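Here the structure comes first, spelled out in structure tokens, and everything after it is commentary.
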Amino acid sequence: MSQTTKQIEEKWLAKWDAAHIFEADPNPVKQKIMVTFPFPYMNGPLHVGHAFSASRVDAYARFKRMQGYNVLWPWAWHWTGQPILGASQRIAKGDQTYTRVLREVDGVPQEELQKFVDPNYLAQYYTNEGKNAAKRIGFSVDWRREFTTVWPTFQKFIEWQYKNLKELGYVIRGTHPVVWCPKDQSPTGDHDRQSGEGITPEKYTLIKYKLDENTVLPAATFRPETIYGITNLWINPDATYVEAKVNDKENWIISQEAAEKLKDQEKTLTINRTLKGKELIGKTFENPLTRDKFPILPGWFVDTKTATGIVYSVPAHAPFDWLALKDLQQKPEIMHDFGIDPQIVLQIKPVSIIKVDGFGEHPAVEIVEQMGIKDQHDSKADQATKELYKKEFHSGKLKSNCGIYAGKSIREVKDQLVTDFTKLDIADIMYDLPEQVVCRCMTPCIVKILSDQWFLNYSNPAWKEKAKEVISQMKIYPETVRADFYAKIDWLKEWACARTTGFGTPVPWGQGWIIETLSDSTLYMAFYTINKHINQNNISPKALTPEVFDYIYHGKGDKTQITNATPGITVELLDAMRKEFLYWYPFDLRNSAKELVPNHLSFCIFHHAALFPPQHWPRGIGVNGMLMVEGQGMHKSKGNFITLKSAIDKYGADATRCGLMMGAEGMDDPDWRADNVNELKNKFEALTNFATNIVITPPQTASIEQIKNSALERWLQNKLQYRICEVTEALEELKTRTALQTALFEVWNDIRWYMQRKGNTTTAANAVALVDTVKIWIKLLTPFAPYMCEEIWSQTGETGFISTAEWPQFDEKKIDFEAEEQENLIIDILADTQNILKATKITPKQLVFYTAATWKWQIYLKILEKTKTGETRISDLMKEFSNTPELKPYLKDIAALVPKILKTATKLSTNRKTNMIKIQNINEQQIIQNALNFLKDKFDAEITVYSEDDKNRYDPKNRAPTAIPYQPAIYIQ
RNA sequence: GCGGAGGUCGCCCAGCAUGGUCAAAGGCGUAGGACUGAGGCUCCUAUCCUGCAGAGGUUCGUGGGUUCAAAUCCCACCCUCCGCACCA
């Protein structure tokens, strides 16, 4: 980063600060806009990913501010949760890899690092750094409203929020299975795992088969409907099982491992004895539903580490069961080892209970044959199982032997069946992990059912409905995300909103619980509105009673009574806070990356639906993609982590902002490419020089009245009007990429064209037009590159800030079709001539253009009009022309001309046709004549223009007759 | 598995809702030229193939279909990316 860029940034940052231009207070005569960005979590520095989402917010905020809105953009810092503590602990433990990352990636100085053993210090360090970076990047934030989520004043707000949610019945008590580390005594989230990322507990149904009156054999299954097709149980003869009293009721026989697991799943177990599986082989048991009796057979494949270690066999529908049975039936003598008559095994036949398309009586038997699976050790057996389960689940129907469920599809009865069986007390549930999960502390994890857990009841249908109402009245950028929001609202269920460890606000009614981190950041945007007063008046947390918040946010209660009860808050102050809330709320835009849609943003919607009336529901939510770095996801471990500070240091604030916003919009993931950002940095230097040169060249002394704009100036102004529209419309839709591209490149290209066209000399009209254009141009760029624009703005002699200057207005008076079409003529001539030169490879010495004869215009315009309205036939046109007396002499030529014009007409947009018809004839000869110097320069050749009507024209190849309006004939020598 | 997004001319990407204005915007890259002591600055020009006259040919994941006309509409298929919970 060049010294000057840095100086410019520091200069304007100081000026903005001194002038307090981003501090926003209620102003009844001005319309407000409140924009927000989810507060970043402070266990590390702000990075370019944060900056991407936030830059979009800032661009919108700056745009709206320039449009004259009273814009509030507040900011705060998220400290709630485990990671700050975790980071601090790792440092305390002397984790070298971790401290190295902090030094090298985060850029933390060694002397600071030592103090990070204090988590508060760590978080405060990153908060300070973060604020610095957020300011330097140029975010137009009102910092008077800043806070962190551990400030006691903020925590009072959270307490109020949860008190209300609970009273409204949105917080409930319940149980929930989690992956749990027995050593840490806490849930083990994905980030805390050594292995087993993404693994979640799976729910098994246990069917309580009866060994005898008091003893049950709980067999685990994902397919309880297959109870009707059971033929036997499988028990691993070599494994150790236990007999245990469960919940002081039944005797269960389960694997030793299962007994340990169930202790953490809300069951009490007293183990009476251990036994070998062998002991059970050959015994019979009863299906509790049908009272039928079946044998217990040896299954060496049974894994006692999975669920209960007891499996029931459904050979008609489970490939593994069929294979195991087949293997056994092929070697029935093995049964002698268990003292059992082999006949028991040989008599077993698969029982078909599911009809599924593409299969006959016994799908499992068929699929095993089809895939040529030899035995249970064949690796294809797994695949066959998955395939068949899927097929049966989606399209299978239960047969007549399935009791009251006969005829139903598996998909529709599954849940019902589980509920029914549980009621009948023939089924229970158990959770287990499909793969091993190991905690960072190297302890294997288990599933624990947390009881007495607090939940936000997002399953509540009435709440869901209300949340959807919030969505339906909201603006969503881009609109495609709306469907996603509806889907997520439906999908969300109870959310455990309290934890026992980490930073956060204690649950007001529960000892030892803390409001979980995603659950304390759902409504806080409302806190911004009043926190200015809390900060400025140093209001004590004690004064922030529920009654105070009730008054501020709900207008409830009597203000005199409330303030009498709360020293430190006067009636005026209370009123001011209430008014401030009413003025700003709701927020108009909250923008974040798409990963927050299923959680944070949806929660935010839920909580607003619960606690605020419709007039305070969010008005707009923006979503954008996830930032990639050089085509890859950004991770500290990948070594491609870019902090915001380092980006600004290297490329400057403007290039960083624009490099990010240029990357993508909508749901696409932007890609940060250092080369591109560097290119932008250069571009901005070039732009600054370019623009400065224009604005410091004083327009010649001619007075405004004397300045006569040529078509060229009118063309430029006309173009600019379109650009203003495009940028404005794109920004309104938060299409920051489109807006930036147009504002930067398109306008620049327009100006370049103009400068080329006007040639080397600069007239007063030229100078004035250019200065005007540049001023509008940099205004359009201000939301994106504010520092550069302030600097150029000041060069123009303006004394105010461009940040608060008026956004360019579309001016209909400056729309000039004629100037546009005239210029199109030149552009087309240029392109056509170049095309010919390319094809012929001629180096031109002389160029001659022949403009169309006057009579041709009548035909041209007529055809335009006809083609505008619909299909046009040549014969009809010819008929019409032959009936026009003044065209009589040219009828022969017209016959050739009409198809040609018709063809060019189809290539014109309706818009242009309309304009051309409005304009009627243009003086092509004059227009080309005016552009003669330009064309000469371009082609480095002599150029002459004749009209086709000119009898004395120089036309050695007789080209002139091919001329048509807007397409002069060309002769090249 | 469930839910969502997407596959466009070397790359990033616009266009697709309202079919013809689309060989398809813009940026990057590349090539040539200008400027310069020099340039990794900047400016101009070119950049699917063919073409000695402003044209033609073949393209928008694949295969079909609708239509006078399809990158755009319909159907099928292939592929890629993202989220899936107690965690920020």
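Here is how names work: the chains are called A, B, and so on, in the same order as the sequence lines, proteins then strands, and each is numbered from 1. Predicted model only: the values in this text are computed from it and were never measured.
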Evaluation steps, side-chain contact (heavy atoms from CB on, under 4.5 Å), between Lys758(A) and Leu770(A): CA-CA 11 Å; Lys758(A) 81 169 175 59; Leu770(A) 276 169; 3.9 Å; yes
Contact summary for Asp264(A) and Val447(A), nearest pair of heavy atoms: CB-O, 3.8 Å
Starting at [atom1] of [X] and ending at [atom2] of [N], how long is that distance when rounded to a whole Å?
X	N	atom1	atom2	result
Asn678(A)	U42(B)	CG	P	10 Å
Ile972(A)	G51(B)	CD1	P	18 Å
Asn835(A)	A23(B)	CG	C1'	12 Å

Distances for protein N/O vs nucleotides 7-17 of chain B N/O pairs under 3.5 angstrom?
| from | atom 1 | to | atom 2 | distance (Å) |
| --- | --- | --- | --- | --- |
| C13(B) | O2' | Arg737(A) | NH2 | 2.6 |
| A14(B) | OP1 | Asp668(A) | OD2 | 3.3 |

Phosphate-side-chain proximity, Asn749(A) and G27(B), N/O vs OP1/OP2 below 4.0 Å: yes
C1'-based separation of A14(B) from G6(B) [nearest Å]: 15 Å
Set of ring pair (Phe, Tyr, Trp, His ring centres under 6.0 Å) partners for Phe455(A), sequence neighbours left out: His176(A)
Centroid-centroid under 6.0 Å between Trp753(A) and Phe934(A) rings: yes
Sugar-phosphate, base or nothing in reach of Arg959(A), heavy atoms under 4.0 Å: base
Basic-acidic side-chain contact under 4.0 Å: Arg673(A), Asp671(A): yes
Residue whose closest nucleotide on RNA chain B lies nearer the 5' end, Ile970(A) versus Ala496(A): Ile970(A)
